[in-house]
There are 2 protein chains.
Amino acid sequence: MVRSEPVNPGAAPKIPRPVTLRESVFEAILELIISGGLGPGQHLAENELAEMLGVSRQPVREALQMLSGEGWVDLRPGHGAFVHAPTVEEADQLLAVRTLLETESARLAALDPTAGGTARLREICARGRAAIEADDIDAAVAANSELHALITELSGNKVLAELASQVARRVRWYHTPVARHRGHASWEEHALLIDAIEAGDQERAEQIMRDHTEHTRQSYMEQRAQSPDEPAPAPQRRRRPRSLSAS
Amino acid sequence: MVRSEPVNPGAAPKIPRPVTLRESVFEAILELIISGGLGPGQHLAENELAEMLGVSRQPVREALQMLSGEGWVDLRPGHGAFVHAPTVEEADQLLAVRTLLETESARLAALDPTAGGTARLREICARGRAAIEADDIDAAVAANSELHALITELSGNKVLAELASQVARRVRWYHTPVARHRGHASWEEHALLIDAIEAGDQERAEQIMRDHTEHTRQSYMEQRAQSPDEPAPAPQRRRRPRSLSAS
DNA sequence: TCGCTGTATACTGTAGGCAGTCGACGACAA
DNA sequence: TTGTCGTCGACTGCCTACAGTATACAGCGA
């Protein structure tokens with residue numbers, strides 16, 4: 001009667017596992033986009049997705065709307081959903097916004113270092129370094145995301161944290177390959193940042209975060225400049241694109 | 001054959017009029033929320049909305065999902081949609097984020113004042129003053145929104161503009177009554193801000209915008225402190241709330 | 001050969017309906 | 001009187017089906 005949910009086993013109230021189909025579908029499609037299984041500009045036919053995932057079109061539609069809300073797909077009325085194809089300009093702007101949001105987060109986090117998050121920050125930082133040493137890019141990227149997410153949380157501003165997390169997810173999609181580029185330097189900066197937060201030095205925390213995210217941004221833009229065609233610059237195809245099965 | 005769309009009559013490519021039902025429903029519900037027809041915490045039964053608007057439940061569902069994505073309603077799986085009830089803390093945080101986003105927008109707008117938006121800014125500013133003189137609060141609030149939206153546009157960062165516009169819409173919902181409070185002073189500040197942008201003085205533009213939005217925020221918080229019960233501090237009601245017809 | 005028009009196909013947008021589940025209410029027992 | 005259990009009502013989540021429309025292609029005429 002009373003829902004089979006075990007009322008949170010342990011102490012992990014975060015990450016509310018999807019209970020509705022639309023949420024599962026949302027995550028499935030998002031995973032496909034991030035992993036590259038669905039390329040930018042690709043048409044997402046509801047029928048195919050529904051069939052592939054073994055559900056009806058309804059939850060697929062709703063998942064697509066959610067994805068559209070977060071900027072992952074573009075919804076053209078009467079035409080359907082297309083994987084969002086970020087232009088170089090947009091990626092740059094997104095990274096700039098990330099800099100803005102996370103810089104403020106770092107400042108706010110330093111405002112009240114007694115919140116006790118620095119220990120967790122250091123733990124994540126250690127994991128990140130270890131991942132780099134082990135040449136485990138995926139783990140390093142994950143740790144990076146986790147670190148930045150925790151800092152936004154420690155800012156104490158939930159609205160800010162929510163916005164930053166959305167932006168960060170998209171950024172992560174864009175610049176995953178960058179992590180390969182400047183792994184060690186990045187984690188050195190993280191360590192300094194944590195020091196500043198722990199010391200309650202707002203200005204320093206702000207400055208380090210700004211420099212850090214700007215480094216990442218420049219690194220991305222340089223890499224992108226070297227291989228300008230790789231991330232598919234918005235094909236804008238007129239003819240009906242090949243759909244899922246063709247990929 | 002070739003869609004009846006008249007290919008943009010005139011020169012108003014903005015404001016894409018809703019072509020799908022879900023968009024119309026989205027705007028209808030949003031209007032109800034902003035206007036106060038639907039109070040915070042109120043349960044939105046899909047059936048009633050569908051009947052009221054003369055459509056089926058499907059477009060209503062999709063509109064509710066869109067509203068959820070922008071933070072207007074809370075979607076509790078298995079329970080339905082509820083008008084979001086912002087806490088004092090959340091409103092404060094939202095206003096802080098707005099300060100952050102718009103301050104940066106102002107700085108970027110001042111970075112390239114040749115974009116030629118200042119004339120339009122002055123025009124809107126004049127309208128706002130006139131509205132205040134005429135004691136037309138609604139028009140003043142509308143002009144205020146328009147002005148801030150244009151500044152974010154002039155920043156040249158579309159991602160930033162998009163985020164700021166979402167935040168601004170919610171802020172507008174929260175603090176409409178504030179406009180009554182400090183009308184004249186607000187438009188004086190706007191004029192100074194436009195001067196700074198036109199002069200290309202980033203720091204000044206940034207500072208004025210920061211002060212301006214912080215004033216608004218403090219004004220809101222003070223007003224809220226005086227009447228703490230009026231905006232319904234998240235009822236969190238256990239019993240089934242009265243639905244639409246009872247309002 | 002080129003452009004236009006009519007038809008066919010595939011997909012979206014919407015409607016209606018069914019099953020599952022949550023919350024409320026009343027009855028019964030301690 | 002209080003706590004527990006069973007039943008009822010209502011609503012959500014999902015599925016299926018239909019109508020409308022844009023696109024692609026073939027046939028026709030110039």
Side-chain angles (χ1 to χ4, degrees), chain A residues 1-5 7 16-26 28-29 42-68 73-83 236-246, chain B residues 1-7 16-29 41-68 73-83 235-246:
Chain A
M1 292 288 166
V2 183
R3 174 167 252 159
S4 56
E5 221 172 279
V7 198
R17 232 184 339 190
V19 290
T20 59
L21 265 188
R22 66 163 173 269
E23 289 170 46
S24 308
V25 172
F26 173 90
I29 299 177
Q42 186 158 6
H43 182 205
L44 302 176
E46 297 172 0
N47 268 329
E48 293 188 37
L49 285 171
E51 199 169 344
M52 173 190 299
L53 300 171
V55 298
S56 80
R57 274 179 53 212
Q58 176 89 354
V60 172
R61 281 181 67 83
E62 297 185 354
L64 289 175
Q65 312 239 345
M66 293 166 66
L67 288 165
S68 163
V73 307
D74 300 320
L75 240 45
R76 294 197 298 162
H79 293 253
F82 299 80
V83 178
Q236 191 71 319
R237 44 183 81 171
R238 288 276 113 212
R239 296 183 63 86
R240 186 173 303 177
R242 280 194 305 281
S243 49
L244 295 178
S245 50
Chain B
M1 296 280 167
V2 184
R3 171 170 250 161
S4 54
E5 216 172 284
V7 198
R17 232 186 338 193
V19 289
T20 59
L21 267 188
R22 66 164 173 270
E23 289 170 46
S24 309
V25 172
F26 173 89
E27 300 201 355
I29 299 177
Q42 187 158 5
H43 182 205
L44 301 176
E46 299 172 358
N47 267 328
E48 293 188 37
L49 285 171
E51 198 169 345
M52 173 190 299
L53 300 171
V55 298
S56 80
R57 271 179 55 212
Q58 177 85 357
V60 172
R61 280 181 66 81
E62 297 186 355
L64 288 175
Q65 312 242 346
M66 293 167 66
L67 288 164
S68 163
V73 306
D74 300 319
L75 238 45
R76 295 197 298 162
H79 295 254
F82 299 81
V83 178
Q236 191 71 318
R237 47 183 78 170
R238 288 277 112 211
R239 296 183 62 86
R240 186 171 302 178
R242 280 193 303 283
S243 50
L244 295 179
S245 51

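The chains referred to below are lettered A, B, ... by the order of the sequence lines, with proteins before strands, and numbering in each begins at 1. This one's a predicted model, so the numbers in the text were calculated from it and none came from an experiment.
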Could you give the [atom1]-to-[atom2] distance, from [X] to [N], as a whole number of Å?
{"X": "B:Asn47", "N": "C:dG17", "atom1": "CG", "atom2": "C1'", "result": "12 Å"}
{"X": "B:Glu51", "N": "D:dC11", "atom1": "CD", "atom2": "C1'", "result": "14 Å"}
{"X": "B:Leu21", "N": "D:dT21", "atom1": "CG", "atom2": "C1'", "result": "15 Å"}
{"X": "A:Phe82", "N": "D:dA22", "atom1": "CZ", "atom2": "P", "result": "14 Å"}
{"X": "A:Glu62", "N": "C:dG13", "atom1": "CD", "atom2": "C1'", "result": "14 Å"}
{"X": "A:Leu75", "N": "C:dT12", "atom1": "CG", "atom2": "P", "result": "10 Å"}
{"X": "B:Glu23", "N": "C:dT12", "atom1": "CD", "atom2": "P", "result": "16 Å"}
{"X": "A:Arg76", "N": "C:dG13", "atom1": "CZ", "atom2": "C1'", "result": "16 Å"}

Using modelled atom types only, decide if a donor and an acceptor are shared between the side chain of A:His79 and the backbone of A:His43 within a distance under 3.5 Å. no
B:His79 vs D:dA10: side-chain N/O to OP1/OP2 distance below 4.0 Å: no
Between B:Arg61 and D:dG13, is there a contact of a side-chain N or O with OP1 or OP2 at under 4.0 Å? yes
Contact class for B:Arg57 (heavy atom, under 4.0 Å): base, sugar-phosphate, or nothing? base
Closest heavy-atom pair and its distance - [X], [Y]:
{"X": "B:Glu46", "Y": "B:Leu64", "result": "CG-CD1, 4.1 Å"}
{"X": "B:Phe82", "Y": "B:Gly41", "result": "CD2-O, 3.7 Å"}
{"X": "A:Leu21", "Y": "A:Pro59", "result": "CB-CB, 4.1 Å"}

Among the nucleotides C:dC11, C:dT14, D:dT16, which one has an atom lying closest to any side-chain atom of A:Ser56? D:dT16
For the side chain of A:Pro59, starting at C-beta, report the closest nucleotide among C:dT14, C:dT12, D:dC15. D:dC15
Heavy-atom check, side chain of B:Gln65 versus side chain of B:Arg22, under 4.5 Å: no
Residue whose closest nucleotide on DNA chain D lies nearer the 5' end, B:Gln58 versus B:Glu46: B:Glu46
